[in-house]
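Below you'll find the structure, written out as structure tokens, and then a few comments.
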Protein chains: 4
Amino acid sequence: MIISTKKLLIIERAVELFAKSGFESTSVQEITEACGISKGSFYLYFKSKESLLFSIFEVFIDRVSKKVASVFEMDSSPKDKLELFLCIQFEEIDQYSDFILMLLREQTKPEDTELFVLMQQMDKQLNDTLKELLVGVYGITIKRHIPDMTIMVKGLIKGYIELIIMYNRNLDFKKLANFLLYRIDSLVSGLTTPFLEEDFILKIDDKKTT
Amino acid sequence: MIISTKKLLIIERAVELFAKSGFESTSVQEITEACGISKGSFYLYFKSKESLLFSIFEVFIDRVSKKVASVFEMDSSPKDKLELFLCIQFEEIDQYSDFILMLLREQTKPEDTELFVLMQQMDKQLNDTLKELLVGVYGITIKRHIPDMTIMVKGLIKGYIELIIMYNRNLDFKKLANFLLYRIDSLVSGLTTPFLEEDFILKIDDKKTT
Amino acid sequence: MIISTKKLLIIERAVELFAKSGFESTSVQEITEACGISKGSFYLYFKSKESLLFSIFEVFIDRVSKKVASVFEMDSSPKDKLELFLCIQFEEIDQYSDFILMLLREQTKPEDTELFVLMQQMDKQLNDTLKELLVGVYGITIKRHIPDMTIMVKGLIKGYIELIIMYNRNLDFKKLANFLLYRIDSLVSGLTTPFLEEDFILKIDDKKTT
Amino acid sequence: MIISTKKLLIIERAVELFAKSGFESTSVQEITEACGISKGSFYLYFKSKESLLFSIFEVFIDRVSKKVASVFEMDSSPKDKLELFLCIQFEEIDQYSDFILMLLREQTKPEDTELFVLMQQMDKQLNDTLKELLVGVYGITIKRHIPDMTIMVKGLIKGYIELIIMYNRNLDFKKLANFLLYRIDSLVSGLTTPFLEEDFILKIDDKKTT
DNA sequence: AATGAATGAGGTTTCATTCAT
DNA sequence: CATGAATGAAACCTCATTCAT
């Protein structure tokens with residue numbers, strides 16, 4: 001991931017503009033104007049408007065991945081790792097929140113798009129990470145509940161992220177992560193029969209990678 | 001809410017197309033072709049492309065509202081009502097799922113749009129309903145946890161809805177609702193100190209209505 | 001000129017609307033709405049939107065012609081007739097002023113249009129009338145000056161009509177006609193060499209009728 | 001007033017087309033075809049079709065203003081200046097005649113349009129110029145007759161201009177100006193009681209500038 | 001590397017007119 | 001006589017992209 005200064009400039013300005021008005025509604029013209037460069041120059045750095053979106057996403061994923069990786073390299077208890085992981089989700093998404101909101105809104109579905117693939121890879125990565133963390137914390141007995149737990153933990157995270165995004169709330173991420181840790185505990189302790197089959201997530205993620 | 005047959009036809013086809021390709025990326029041309037009518041006819045039934053979006057939303061809200069209202073009128077235990085409520089969310093959103101996904105993706109932010117107002121009203125209504133149901137089930141001692149519980153329950157619902165939407169999974173909504181009912185039980189029983197203040201949701205919803 | 005009640009209703013409402021917004025910018029829809037009839041009905045009475053314009057013009061010409069004819073039938077001095085003629089011009093055009101203004105603005109040039117022909121016939125009629133009146137007042141010696149005098153008298157009339165039209169001024173038409181009578185006298189008394197050839201107007205009007 | 005070559009090309013071709021078929025009836029398509037450029041290019045030079053009209057008008061006013069200004073700077077008798085002024089009116093309007101005719105026909109009334117304002121400013125300027133010239137030639141005793149004289153002189157000019165415009169007559173402008181100079185003399189010498197009040201024009205022009 | 005003029009396909013919308021009822 | 005749903009051509013305008021300089 002080596003990116004020229006100019007390319008980064010375009011990415012940064014574009015993130016802001018996309019966040020404000022959406023992808024379709026932001027013209028290349030507006031982007032180049034915001035960068036103080038010519039329209040022609042844009043195509044020197046990006047093959048198309050869509051490829052810019054792709055680059056933005058790449059940069060974002062790169063950042064999150066690095067942070068998550070650092071969590072695993074740390075020498076702390078599984079629970080602390082899970083808590084840290086939750087915290088990172090909030091921190092990162094807080095920074096890119098407007099852009100993420102745009103992505104949610106605009107990303108056109110076509111399942112073959114490069115961008116879509118990227119999003120799915122990211123989701124799979126998130127699923128894997130969560131699984132590892134949950135098994136780390138609750139032992140292998142949790143395994144049959146992984147699909148449900150993954151969905152539910154992601155749901156809880158999303159619930160609070162929406163608050164951050166939609167209402168620009170400044171929340172104490174550390175406290176929130178700690179709070180959620182105990183909610184996850186509650187959920188786990190109450191589990192009996194899983195709703196989803198054990199290999200549910202697996203199946204989905206397999207579809208993604210093939 | 002009386003809607004002519006033709007208008008309803010357009011709405012239905014449009015929901016499908018919007019779901020597939022997004023709002024901006026679906027042309028009026030495509031919609032009318034899918035309906036087997038002329039481009040001019042479209043504007044007989046809708047003032048503009050955007051007003052179609054508005055109508056779609058109205059129809060959706062109308063349907064959900066009626067169903068939810070029927071839950072409250074029923075003569076069953078609070079828990080059954082909550083379970084039924086969860087079930088309705090899944091059923092309804094299953095039907096309109098693709099369209100909802102599109103809405104999430106495309107709805108341009110401007111906070112003054114009629115459409116945006118409609119969405120917020122719907123959210124407030126959802127919050128109120130949830131609150132009433134939760135208090136019904138868990139008593140007034142739950143009150144200080146209402147903001148967190150609202151966010152979390154909505155998060156759990158969203159988690160599974162995403163499954164439905166993204167992967168077109170046919171799930172057993174009744175079983176899912178029952179499953180979630182017990183998860184909510186677990187969450188409630190583990191609650192200690194709230195993360196959000198008691199009047200948090202209130203504040204947000206107030207901002208919406210003023 | 002026998003016109004059905006409904007047809008007259010449409011004509012009247014259309015005159016108002018055309019005057020307000022112009023011909024091109026007034027839709028048949030608006031006209032029929034103003035009349036409280038259906039769009040289909042319009043085409044029962046008029047072959048097309050343009051034919052409506054034609055009808056309006058016909059009605060207007062019919063009115064002016066009748067009034068002018070009555071002047072000639074009167075038993076008064078030539079000068080009084082000329083004065084009366086001037087007065088009629090102001091009165092009539094005052095009534096239809098807004099519509100006339102629209103006509104000036106919008107009438108598309110194409111020299112073959114029925115409407116254009118009608119306008120030219122009307123102009124020729126005006127020229128003939130003026131000629132007869134001027135010769136009546138100033139004798140046959142005025143003949144060589146008829147082209148110039150026609151142009152100039154029409155110019156003077158137009159100058160004041162513009163005042164009426166553009167600024168909605170309520171002027172005393174009788175006084176104005178009398179005032180202009182003396183101006184015409186001044187002009188005639190000062191004439192030496194004509195600027196236009198004697199048969200100038202003739203040539204033009206001939207072109208019109210062939 | 002610096003205008004790019006291409007912009008000027010569009011203006012020139014547009015003037016011709018507008019003159020032939022009117023503003024509303026001339027499509028941007030037709031204009032660009034006449035210029036040998038693409039539809040998209042048009043919007044590189046003009047924000048909208050209406051703004052083109054505005055530009056055309058600006059160019060025209062600019063030209064006339066410069067010519068009129070040069071008359072005042074000349075070192076000749078007042079009468080010669082008036083004659084020259086009349087001549088310029090005919091010359092300029094001859095060149096833009098068709099377009100002017102279109103303007104008369106199409107300019108939609110709304111009194112707040114930028115274009116409308118421009119037209120009124122131009123008229124006021126014309127009134128002021130005429131007043132100055134008339135006072136220069138006939139002395140201050142003419143003052144109480146200025147409103148009537150302004151209207152009438154403008155009427156006379158218009159009478160002949162219509163000839164030029166409607167019938168594409170090539171007239172000898174110098175001879176015509178000289179001819180009209182004597183007609184104005186006649187009119188002035190015959191004046192007794194004014195028809196319009198002395199401050200009439202003033203009032204109107206005041207309304208224009210406020 | 002950088003420009004910006006030029007393109008043209010495609011978008012939304014309007015509207016005069018027709019025709020089955 | 002009357003209706004109003006339906007049509008489809010044509011209008012204005014936007015925008016991603018290309019290319020000669």
Side-chain angles (χ1 to χ4, degrees), chain A residues 4-7 10 23-33 35-53, chain B residues 4-7 9-10 23-33 35-53, chain C residues 4-7 23-33 35-53, chain D residues 4-7 9-10 23-33 35-52:
Chain A
S4 79
T5 326
K6 193 71 71 72
K7 199 167 178 177
I10 297 175
F23 179 72
E24 298 272 358
S25 303
T26 303
S27 64
V28 172
Q29 173 104 274
E30 282 172 286
I31 296 170
T32 54
E33 268 169 19
C35 297
I37 63 171
S38 72
K39 232 193 297 192
S41 279
F42 177 89
Y43 288 89
L44 243 48
Y45 296 100
F46 299 95
K47 217 174 82 278
S48 67
K49 192 184 167 191
E50 211 203 341
S51 89
L52 162 62
L53 198 57
Chain B
S4 77
T5 325
K6 193 67 68 72
K7 197 168 179 175
L9 169 69
I10 297 175
F23 178 74
E24 298 271 358
S25 303
T26 303
S27 66
V28 172
Q29 173 106 269
E30 284 172 285
I31 296 170
T32 55
E33 268 168 18
C35 296
I37 61 171
S38 70
K39 229 190 301 189
S41 279
F42 177 89
Y43 288 90
L44 237 49
Y45 297 99
F46 299 96
K47 220 173 79 278
S48 67
K49 194 184 166 192
E50 210 204 337
S51 89
L52 162 62
L53 198 58
Chain C
S4 80
T5 325
K6 193 71 70 72
K7 201 166 178 178
F23 180 73
E24 297 272 357
S25 302
T26 302
S27 65
V28 172
Q29 174 104 270
E30 283 172 284
I31 296 170
T32 55
E33 268 169 18
C35 296
I37 62 171
S38 71
K39 230 195 297 194
S41 279
F42 177 89
Y43 288 89
L44 244 46
Y45 297 99
F46 298 96
K47 216 175 82 275
S48 69
K49 193 184 167 192
E50 212 205 338
S51 88
L52 161 63
L53 198 57
Chain D
S4 78
T5 324
K6 192 67 70 70
K7 198 167 179 176
L9 169 69
I10 297 175
F23 179 73
E24 299 271 359
S25 302
T26 302
S27 67
V28 172
Q29 175 106 269
E30 285 172 285
I31 295 171
T32 55
E33 269 169 17
C35 296
I37 62 172
S38 70
K39 229 190 304 189
S41 279
F42 176 88
Y43 291 90
L44 236 52
Y45 298 98
F46 299 95
K47 221 173 81 274
S48 67
K49 192 184 166 193
E50 211 204 336
S51 88
L52 162 62

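First the proteins, then the strands, lettered A, B, ... as listed; each starts at 1.
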Within a strict 4.5 Å, meaning less than it, do heavy atoms of the C:Leu52 and C:Ile31 side chains meet? yes
Base contacts versus sugar-phosphate-only contacts with protein, heavy atoms under 4.0 Å: please encode nucleotides 14-21 of chain E as B, S and - from 5' to 3'. B-SBB---
Could you work out, with side-chain contact (heavy atoms from CB on, under 4.5 Å) as the rule, every residue matching [X], not counting sequence neighbours?
{"X": "C:Tyr43", "result": "C:Val28"}
{"X": "D:Ser38", "result": "D:Ser41"}
{"X": "A:Glu33", "result": "A:Gln29"}
{"X": "B:Thr5", "result": "none"}

Quick one: side chain to side chain donor-acceptor pair (under 3.5 Å) partners of C:Ser27, sequence neighbours excluded? C:Glu30
[N] [atom2] sits how many Å from [X] [atom1], rounded?
{"X": "B:Phe46", "N": "F:dA5", "atom1": "CZ", "atom2": "C1'", "answer": "15 Å"}
{"X": "A:Glu33", "N": "E:dT3", "atom1": "CD", "atom2": "C1'", "answer": "14 Å"}
{"X": "A:Leu44", "N": "F:dA16", "atom1": "CG", "atom2": "P", "answer": "17 Å"}

How would you label the contact of A:Tyr45 with the nucleic acid (heavy atoms, under 4.0 Å): base, sugar-phosphate, or nothing? sugar-phosphate
Counting heavy atoms from C-beta on, name the nucleotide in F:dA2, E:dG8, E:dG4 closest to the side chain of D:Ser38. E:dG8
Report the nucleotide, chosen from E:dT3, F:dT7, E:dT7, that has the shortest atom-to-atom distance to any side-chain atom of A:Ile37. E:dT3
Between C:Phe23 and C:Glu50, what is the shortest heavy-atom contact and its length? CZ-CA, 4.0 Å
Residues at least two apart in sequence or cross-chain that pass ring-ring contact (aromatic ring centres under 6.0 Å, His included) with A:Phe42, listed by chain then number, are A:Phe46
With Watson-Crick and G-U wobble geometry limited to distances under 3.5 Å, how should the secondary structure of DNA chain F be encoded in dot-bracket form, using | for bases paired to another strand and [ ] for crossing pairs? .||||||||||||||||||||
